[in-house]
Amino acid sequence: MSVIQTRGLSKRYKDRWAVNRLELVVEQGDIYGFIGQNGAGKSTTLKLLCGLARPTQGEALIFGKPVRDSVARRRVGALIEQPGLYPDLSGRENLRLYAALLGLDNPERQVDEILETVGLSPKEKKPVRHYSMGMKQRLGVALALLGGPDLLLLDEPINGLDPEGIREMRELLLGLNRERGLTILVSSHILGELSKIATRYGIIQQGRMVEQITAAELEQKCTDYLHLRPSQPEMAAALLERELHLKRWEMRPEGEIRIYEAADTRAVGQVLAQAGIAVEEMGLHRQDLEGYFLERMGGTDHV
């Protein structure tokens, strides 16, 4: 089931399209990593999905209903940019205030349960202005959990956190996904951390969706491989498979052969040379997660 689906979703500010005919799909149970350079349109997209901004064109559906639908919106919790916290109140007092504004039943019990879920003590009385960045971010997630949403929209929840804070946030999101079944869309520029939790990715550039890809598909694309361009690709592939007993390889449309298992480059060269097949190019290709995303986004700027 698609929890989020956008159709030609667009947002224009004066003479600039912040989001431009965006096609995005998030399936139920996903932890969807939303990736793009600064200014690519990630935050604007999240605002459109939770009703904080109105689209110029197109539409966004949440659980099959328009974003403006009150039933759909009650199923969404969001942390966009900095959480709106009252600095002189404690974390518990902040949650109680927001719970009252939402008109929640039995808010006291729900507030305490949520605080414990995000790793904050319900008994902590110090004001939020004395909280660490990690505590504020966890309290922001706690605010998003009020009302028991089925979908979380989180904009850079690990931005500015130290390594311990990042680990705690990672474990929190994984727990919410696995134990509560929450679908989570999370934007982040820390690709290494995102790769530890995401089940699916969306890459955005200049407001447009470049690619949507599952974690399994991405892992395959980022696998190291030996690539070669022989003068007779089909004959070379058949020869290497027979002589070197290769099982994991593919022929690319442009005549490139990719070998996804350990292969001795000297042995490969010898087999082909003995058959009179020239090799125009051969080398080991290494592709990491960051390199792949930067390549797809068409640049080396910060993401």
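Remember, predicted model here, so these are calculated numbers, not experimental data. Values below: every heavy atom of this structure, side chains too, minus hydrogens, waters and symmetry copies.
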Could you walk me through whether R180 and T117 satisfy the side-chain hydrogen bond (donor to acceptor under 3.5 Å, both in side chains) test, starting with their C-alpha distance in whole Å, then the side-chain angles of each, then the deciding distance to 0.1 Å, before giving a yes or no? CA-CA 11 Å; R180 297 197 178 193; T117 296; 2.8 Å; yes
For the pair Y98 and Y86, name the ring-plane relationship: parallel under 30°, tilted 30 to 60°, perpendicular over 60°. tilted
Is NZ or CZ of R75 both nearer than 6.0 Å to the six-membered ring centre of F63 and within 45° of the ring axis? yes
Might you confirm whether atom CZ of R252 has over 12 heavy atoms from other residues, nucleotides or ligands at distances under 6.0 Å? yes
According to a 4.5 Å side-chain heavy-atom criterion applied to Ile, Leu, Val, Met, Phe, Trp and Tyr, with indirect links allowed, do Y13 and V19 form part of one hydrophobic cluster? no
Ignoring hydrogens and geometry beyond distance, is a side-chain donor-acceptor pair present between Y201 and E211 at under 3.5 Å? no
Between the side chains of S187 and D155, is a donor N or O closer than 3.5 angstrom to an acceptor N or O? yes
Student check: side-chain heavy atoms of R200 and I31 closer than 4.5 Å: no
Check: residues 231-247 side-chain donor-acceptor pairs under 3.5 Å, at least two apart:
{"from": "S231", "atom 1": "OG", "to": "A278", "atom 2": "N", "distance (Å)": "3.2"}
{"from": "S231", "atom 1": "OG", "to": "A278", "atom 2": "O", "distance (Å)": "3.4"}
{"from": "E241", "atom 1": "OE2", "to": "W249", "atom 2": "NE1", "distance (Å)": "3.4"}

Counting only heavy atoms not in E93 (residues, nucleotides, ligands), do more than 12 fall under 6.0 Å from its CD? yes
Atom NZ of K123 with >12 non-hydrogen neighbours under 6.0 angstrom: no
Suppose the criterion is ring-ring contact (aromatic ring centres under 6.0 Å, His included): which pairs have a residue in residues 16-60, not counting sequence neighbours? none
Given E261, E254, E256, the one that forms salt bridge (charged side-chain N to carboxylate O under 4.0 Å, His left out) with R258: E256
